[in-house]
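The structure appears right after this line, and notes come after that.
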Amino acid sequence: MKRIEQHASFGGRQEVWQHASRSTGTPMKFGLYLPPAALRGEQRPVLYWLSGLTCTEQNFITKAGAQAFAAAHGLILVAPDTSPRGEGVADDAAYDLGQGAGFYVNASEPPWAAHYRMQDYVADELPALVEQHFPASGARGICGHSMGGHGALVTALRHPGRYRSVSAFAPIVAPSQVPWGRKALGAYLGADASHWREWDAVHLLGRARERLPLLVDQGEDDEFLDQLRPELLQQACSAAGHALELRMHAGYDHSYYFIASFIGEHIAHHARALAA
C-alpha cells in the first residue's frame, strides 16, 4: 500500500491510500480518516462510506464534513472509490454505467466481469486490509449515498453478522425496478432478472436473517425520487417487520449539501451501535 495524501483534521488525520486490489485486478484508492484516539494507538470501530454515481474517494472526504463528528465519536472513516478504473478497464460513455458506476455488485458478464467485483472489494478485501494495517477494532458500520446507499443496504443484508449498523442517504432501494438499476444490473449480471433480485434491498429484506435497524434520510426535493423510490423500502420493511426510520426532509435535494446537513446524526447513530 502507498499513502498518497495526508492532512491534519480535527486532531486526527485524513489520508488517501492506493493499493493493488486482488478483487478488481486494478489499483484502488480509498480515503481513511483516523480520529485522535486512533493516532494515540487505540483500537477504534470503522464506519465504511459508499459513494454514488460518478464519485471517487474524494467526494465524501472533501464535501461531507464528516471528520469533526468522527473525531468526536472516535470512529475511523473509510471511503473507497466507486469502481475499478484505468486503461484496459471496461467503460461506457454514459455516467450511470462503467467507471464511476460499479453498483457494488460482482459482475458476471463480459466485459465487466474481468474487473467489476466491487462487492468482494468493499465487503471482504477492504475491511481485511484496514484491520491489518490500521488500529481498527473489527466493529464495523456501513453507510452510503444514492448508488452507495444501495450498496450499503445490500452489503449489510447479504452479510449478516458482518456489520453492527447500517444507514443511507437517498438510496436506490429497488434497483431491479428502476431505470438506473435495470441498466446496470442487466449489463453486469445478464438478462435474467431473477439474478438482479440478489442485489435489490427491497427483495433481500423479505428473507433477512438479521434485523439491523435502518436509518434512511431522503430529500423531498430530490430530482431523482423516481429512481430512488423510498416508499418501496417503507413497504418492504413494514411487511417484513424490519425496523426503519425513514426521514423525509422538505427542501433538500440529492447533493452533498443534503449529506452534510445530516451526516452528524448518521455518525452518532453508528457510534451508538458500534460502542455496544
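The first residue in the sequence is number 1, and the count goes up from there. Scope of the values below: all heavy atoms of this structure, side chains included, with no hydrogens, waters or symmetry mates. What you are looking at is a predicted structure, and each value in this text was computed from that prediction instead of being measured.
Rounding to the nearest 0.5 angstrom, the gap separating the CG atom in Asp217 from the NE2 atom in His266 is 3.5 Å. Note that the OG1 atom of Thr54 and the CG atom of Asp96 stand 10.5 Å from one another [nearest 0.5 Å]. To the nearest 0.5 angstrom, Glu42 atom CD is 12.5 Å from Leu34 atom CG. Distance check: Arg197 CZ to Asp192 CG gives 8.0 Å after rounding to the nearest 0.5 Å. Atom CD of Gln99 and atom CG of Asp91 lie 4.0 Å apart (nearest 0.5 Å). The structure places OH of Tyr48 at 14.0 Å from SG of Cys143, a figure rounded to the nearest 0.5 Å.
At least one donor-acceptor pair closer than 3.5 Å links the side chain of Ser21 to the backbone N or O of Thr24. For Asp221 (side chain) and Ala250 (main-chain N/O), no donor-acceptor pair under 3.5 Å exists by modelled atom type. Checking side-chain atoms of Tyr188 against main-chain N and O of Phe103 turns up no donor-acceptor pair under 3.5 Å. Without hydrogens or angle criteria, Gln14 side chain to Gln67 main chain gives no donor-acceptor distance under 3.5 Å. For His115 (side chain) and Val89 (main-chain N/O), no donor-acceptor pair under 3.5 Å exists by modelled atom type. One N or O on the side chain of Glu210 and one on the backbone of Gly161 form a donor-acceptor pair closer than 3.5 Å. Panel note: side chain Glu57, backbone Ala79; no donor-acceptor pair is recorded below 3.5 Å.
Between Met118 and Gly102, the shortest heavy-atom distance links the atoms CG-CA, 4.5 Å. The two residues Ser83 and Tyr116 make their nearest non-hydrogen contact at CB-CE2, 4.1 Å. Closest approach of Ser165 to Leu212, counting heavy atoms only: N-CD1, 4.0 Å. Of all heavy-atom pairs spanning Leu32 and Ile76, the tightest one is CD1-CG2, 3.8 Å. Of all heavy-atom pairs between Ala123 and Arg162, the closest is O-NH1, 2.6 Å. Nearest heavy-atom pair, Trp196 versus Ser176, reported as atom, atom and distance to 0.1 Å: CB-CB, 4.0 Å.
Here the side chains of Pro171 and Leu228 are not in contact, with every heavy-atom distance at 4.5 Å or above. Considering only heavy atoms from C-beta on, His73 stays 4.5 Å or farther from Leu47 through its side chain. The side-chain heavy atoms of Arg44 and Leu75, taken from C-beta on, include no pair separated by under 4.5 Å. Side-chain contact between Asp226 and Val178: absent, with no pair of heavy atoms (C-beta onward) separated by less than 4.5 Å. At a threshold of 4.5 Å between non-hydrogen side-chain atoms, the residues Pro175 and Trp180 do not count as touching. No side-chain heavy atom of Pro230 sits less than 4.5 Å from a side-chain heavy atom of Val173. Side-chain contact between Gln119 and Val105: absent, with no pair of heavy atoms (C-beta onward) separated by less than 4.5 Å. A heavy-atom distance below 4.5 Å is found between the side chains of Thr26 and Met28.
Residues passing the side chain to side chain contact (heavy atoms under 4.5 Å, CB included) test with Ala174, sequence neighbours excluded: Gln177, Asp200, Val202, Leu232. By the side-chain hydrogen bond (donor to acceptor under 3.5 Å, both in side chains) test, Thr56 is found to be paired with no residue, residues two or more places apart in sequence or in another chain being considered.
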*Please lay out, stage by stage, how Gln18 and Met1 fare under the test side-chain contact (heavy atoms from CB on, under 4.5 Å).*
CA-CA 6 Å; Gln18 181 171 290; Met1 291 207 307; over 6 Å; no

_His269 and Arg272: CA distance, side-chain angles, deciding distance, side-chain contact (heavy atoms from CB on, under 4.5 Å) verdict_ = CA-CA 6 Å; His269 163 82; Arg272 288 190 293 270; 3.9 Å; yes

*Any chance you could lay out the side-chain contact (heavy atoms from CB on, under 4.5 Å) test for His145 and His254, step after step, and finish with the verdict?*
CA-CA 9 Å; His145 170 234; His254 200 70; 3.6 Å; yes

_Tyr33 vs Arg13, side-chain contact (heavy atoms from CB on, under 4.5 Å): CA-CA, chis, key distance, verdict_ = CA-CA 6 Å; Tyr33 179 71; Arg13 191 164 64 233; 5.7 Å; no

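Ring to ring, His249 and Phe262 are close: their centroids are under 6.0 angstrom apart. Aromatic ring centroids of His150 and Tyr104 lie 6.0 Å or more apart. You'll find the ring centres of Phe30 and Trp49 outside the 6.0 Å limit. In this structure, Phe258 has its ring center closer than 6.0 angstrom to the ring center of Phe169.
Other residues, nucleotides and ligands contribute more than 12 heavy atoms inside 6.0 Å of the OH atom of Tyr95. Summarising the local packing, CZ of Arg209 is surrounded by 12 or fewer heavy atoms from other residues, nucleotides or ligands at distances under 6.0 Å. Environment of CZ in Phe10: sparse, with no more than 12 heavy atoms of neighbouring residues, nucleotides or ligands closer than 6.0 Å.
Grouping the Ile, Leu, Val, Met, Phe, Trp and Tyr side chains by contacts below 4.5 angstrom, directly or via other members, places Leu153 with Met248. Val130 and Tyr163 fall within a single hydrophobic cluster, where Ile, Leu, Val, Met, Phe, Trp and Tyr side chains are chained together by heavy-atom contacts under 4.5 Å. Grouping the Ile, Leu, Val, Met, Phe, Trp and Tyr side chains by contacts below 4.5 angstrom, directly or via other members, places Leu246 apart from Leu215. Under the 4.5 Å side-chain heavy-atom criterion for Ile, Leu, Val, Met, Phe, Trp and Tyr, Ile267 and Tyr257 are members of distinct hydrophobic clusters. Hydrophobic clustering (side-chain heavy atoms under 4.5 Å, transitive across Ile, Leu, Val, Met, Phe, Trp, Tyr) groups Leu274 together with Phe69.
For Arg158 and Trp199, the positive end sits near the middle of the six-membered ring, less than 6.0 Å away and at most 45° from its axis.
Each of Glu245, His270, Glu265 was checked for a side chain to side chain contact (heavy atoms under 4.5 Å, CB included) with Ser167, and the lone residue meeting it is His270. Screening Glu5, Lys29, Lys63 for a side-chain hydrogen bond (donor to acceptor under 3.5 Å, both in side chains) with Gln58, the sole residue that qualifies is Glu5.
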